[in-house]
There are 2 protein chains.
Amino acid sequence: MNKRITLKDIAVATGVHVSTVSRALDPKRETPLTDDVVLRIRETADRLGYRPNRIASSLRTQKTMTIGVMIPDITNMIFPPIVRGIESVLEPLGYASIIVNTDSQRGREQRLVEILQDRGVDGIIHTAVLLDDPTIVKAAEAGLPVVTLNRKIEGTRVPYIINDEAAGIEAAFSLLHDKGHRHIAHLAGPRNLSTGQLRLDAFRASAAIRGMNVENLTIVEAAQFDEVDGRRAAEEILIRDPGTTAILCANDRLALGAIDHFRTVGLRCPEDISVTGFNDMPFLNMIPPRLTTVRIQQFEAGAVAARHMASILSGHGEDVPIETILPVLLIERDSVAVPRQA
Amino acid sequence: MNKRITLKDIAVATGVHVSTVSRALDPKRETPLTDDVVLRIRETADRLGYRPNRIASSLRTQKTMTIGVMIPDITNMIFPPIVRGIESVLEPLGYASIIVNTDSQRGREQRLVEILQDRGVDGIIHTAVLLDDPTIVKAAEAGLPVVTLNRKIEGTRVPYIINDEAAGIEAAFSLLHDKGHRHIAHLAGPRNLSTGQLRLDAFRASAAIRGMNVENLTIVEAAQFDEVDGRRAAEEILIRDPGTTAILCANDRLALGAIDHFRTVGLRCPEDISVTGFNDMPFLNMIPPRLTTVRIQQFEAGAVAARHMASILSGHGEDVPIETILPVLLIERDSVAVPRQA
DNA sequence: TTGAAAGCGCTAACAG
DNA sequence: CTGTTAGCGCTTTCAA
């Protein structure tokens, strides 16, 4: 590996001092320099193929131009778009990101925050799932710039971006209700995950404003956001209330599992029972019955988080709103119909 | 943000020299030290909450314990498992990774390699798609440790990991042929992508060994690995050879598109025409007709690449094989049947 | 407008 | 076994 060109090399080549070279190459230069000198330095820098050593620079300036991105699991389809949204704004600004997967494990989360801090990240964008991860809060309180996605951290000035979960659930509930459904069950997500809790609360609220007895609602909680638990919970719902005509599911995978269960017991969706999902994951429209669901803006959420982070890092932290709520969109497809004996 | 503890802080606290502290905290210590001193240092280090400054260390040692991971697009479902495979081995070893998306653009690729080098990555794991990306080859030749996935770089000592594409295509071809298909068309991927070319070559080879006239094969190339192009190419195949009874597709999305096109023209799969895919992407088994496809080992491919990289970085580069071919698995589902008038 | 010098925090060669 | 010293490459104050 050919030795890398350093400022010193350019200095000797042009016959000026390294500090002069440093100044000449600084894009937003403070000190005035002779145009001629600057030109000569720039020219030789290119000629020698100079590339600044970010490590050295980081050590000196205490800025790494790197941000940590914490997500539960990149393998979960909803996160890659978020990541790309983040990079779409951060990369042009010269930032790189280190992505870590927390697997929603508390201990791991803590270790990862430490790893990121050891590497001197300038900030962390944290996509939350667990409702309470003390680690990231502590880091934020210690002064590390933090922006969270999906999770409101009470009592701090940590900016958060969330999708309008409540509006999404309300839209789905409203659709179901308008079609005539009165026995609407909720297949809830894990209660310890923010989205699980939020959507459950929203479901109850939607029922309440329609004068339904919140105590009597059929609500079954899945342990995981996956098809297996969707099947299991759907079965449970049918046992608890055989009169259920529609199930509002906390996400698409649960809905898929539920529909699959119905198939095994001879119920058809939407003829016998209506189902709605949440997320609008890729390829969902190819799986019959095409699921009616709520689309959330993943890419945009990432982009907004990144923009906020960039603002903070450039010293304009006051300008960023603590709360950003992104609108969601109800996607009507084929999994909802009027109830059988309506 | 409370000032970070440095070696110096520990040194003054324990009354020894910083270098002694550095040595005491070095896990694989070369120089012998008094147990007592080591203990005292370790103890105060913990007490003060010391965390080594990797930046400073990197500047000194010229190792960042960071590797660059280049992929076309994290949003493409086949890459997240690869990334997790990589991290599953690298993270426990103390490496972090910077993931960049090339979008399969040549210019971007070059810029990204530079960015990674500026950040002093110890090596790059490069998941290729473009058949010829000169940039990464140059980097490798310049001495940067490189391991590639999906792409054999001729004439270098760059280790590469590939899935046994040829065996996968042969397995699919064989299945079709055994069912009695004699008019097997190939819906090929873009020829400038390694997988597109490899699978096309394998298709021709499979036809050849069965004595079929390679010149007469119906082969239509898609411009993109997506459903839209799958539909378009499927239409073209039917025009070119209406007698086609089976289509071997270069990947699942093309197959999905093809089947969708057949539906619009009133052909059923598999009754009227058989189709096979490649990759076995997530949720494929929920999309009817459940596609018969070839499963590749994504996670494992990433893990192997990472292991090779780790070996190289720890000075055992001679031990890593230049070529690693991972076995694939034919997954038989419902999209293949015996031909209509067989 | 430029040079000199110090130092970010750590490691490693060399003494002792 | 431990201290001294130098320096990785860069930025930034202070002088000139």
Side-chain angles (χ1 to χ4, degrees), chain A residues 1-42 44-45 48-66 94 117-122, chain B residues 1-42 44-45 48-66 94 117-122:
Chain A
M1 189 151 16
N2 344 356
K3 190 182 133 303
R4 272 183 76 139
I5 302 295
T6 72
L7 287 188
K8 191 150 77 171
D9 297 323
I10 301 177
V12 306
T14 53
V16 296
H17 195 264
V18 286
S19 58
T20 308
V21 179
S22 173
R23 287 190 272 253
L25 263 27
D26 186 354
K28 44 160 200 9
R29 174 159 23 96
E30 312 279 87
T31 28
L33 291 186
T34 324
D35 288 356
D36 171 50
V37 169
V38 175
L39 226 68
R40 241 176 50 239
I41 292 176
R42 289 257 167 87
T44 42
L48 300 183
Y50 172 74
R51 305 250 75 212
N53 183 329
R54 271 177 180 284
I55 308 285
S57 163
S58 296
L59 180 59
R60 185 63 234 251
T61 62
Q62 309 285 9
K63 316 207 120 303
T64 52
M65 294 300 281
T66 304
Q117 287 189 296
D118 287 353
R119 290 179 176 276
V121 294
D122 295 339
Chain B
M1 189 152 15
N2 345 354
K3 191 182 132 303
R4 272 182 74 140
I5 302 295
T6 71
L7 287 188
K8 191 149 79 173
D9 298 323
I10 301 177
V12 306
T14 53
V16 296
H17 195 265
V18 284
S19 59
T20 308
V21 180
S22 173
R23 287 189 272 251
L25 263 27
D26 186 355
K28 45 160 199 8
R29 174 159 23 97
E30 312 278 86
T31 28
L33 293 185
T34 324
D35 288 357
D36 170 50
V37 168
V38 174
L39 226 67
R40 241 176 51 238
I41 292 175
R42 288 257 166 87
T44 42
L48 300 183
Y50 172 75
R51 303 250 76 211
N53 183 328
R54 272 177 180 283
I55 308 285
S57 164
S58 296
L59 181 58
R60 185 64 236 247
T61 61
Q62 309 285 10
K63 317 207 117 306
T64 52
M65 293 301 281
T66 304
Q117 286 189 297
D118 287 354
R119 289 178 177 276
V121 294
D122 295 339

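We name chains A, B, ... by the order of the sequence lines, and we start the count at 1 in each one.
- Among all heavy-atom pairs drawn from A:Tyr50 and A:Leu7, the shortest one is OH-CD2, 3.3 Å.
- Look at CG on B:Asp35: it is 15 Å from C1' on D:dT2, rounded to the nearest Å.
- Between the two ends of the helix from C:dT1-D:dA16 to C:dG16-D:dC1, each summarised by a five-pair axis, the helix axis turns through 40° (rounded to 10 degrees).
- Atom CG of A:Asp36 is separated from atom C1' of C:dT1 by 12 Å (rounded to the nearest Å).
- Rounded to an integer number of Å, the gap from CG of A:Leu25 to P of D:dT12 is 14 Å.
- To the nearest angstrom, P of C:dC8 lies 17 Å from NZ of A:Lys63.
- Checked options A:Thr20, A:Val21, A:Leu33; the residue passing with A:Val38 is A:Leu33 (criterion: side chain to side chain contact (heavy atoms under 4.5 Å, CB included)).
- Closest non-hydrogen pair, B:Arg54 versus B:Gly94, comes out as NH2-O, 3.6 Å.
- One interatomic measurement links the two molecules: CG of A:Leu59 to P of C:dG9, which rounds to 7 Å at whole-angstrom precision.
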What does nucleotides 10-16 of chain C look like as a protein-contact string, B for base, S for sugar-phosphate only, - for none, at under 4.0 angstrom between heavy atoms?
BBBB---
Evaluate side-chain contact (heavy atoms from CB on, under 4.5 Å) for A:Thr66 paired with B:Arg119, printing each intermediate quantity in order.
CA-CA 10 Å; A:Thr66 304; B:Arg119 289 178 177 276; 2.8 Å; yes
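- For A:Asp9 against A:Val12, the heavy-atom pair with the smallest separation is O-CG2, 3.2 Å.
- Atom CG of B:Asp36 is surrounded by more than 12 heavy atoms from other residues, nucleotides or ligands within 6.0 Å.
- Side-chain nitrogen and oxygen atoms of A:Thr20 include at least one within less than 4.0 Å of the OP1 or OP2 phosphate oxygen of C:dG3.
- Of all heavy-atom pairs between B:Asp26 and B:Arg42, the closest is O-NH2, 4.2 Å.
- Listed by chain and residue number, A:Asp122 satisfy the side-chain hydrogen bond (donor to acceptor under 3.5 Å, both in side chains) test with A:Thr64 (two or more places apart in sequence, or in another chain).
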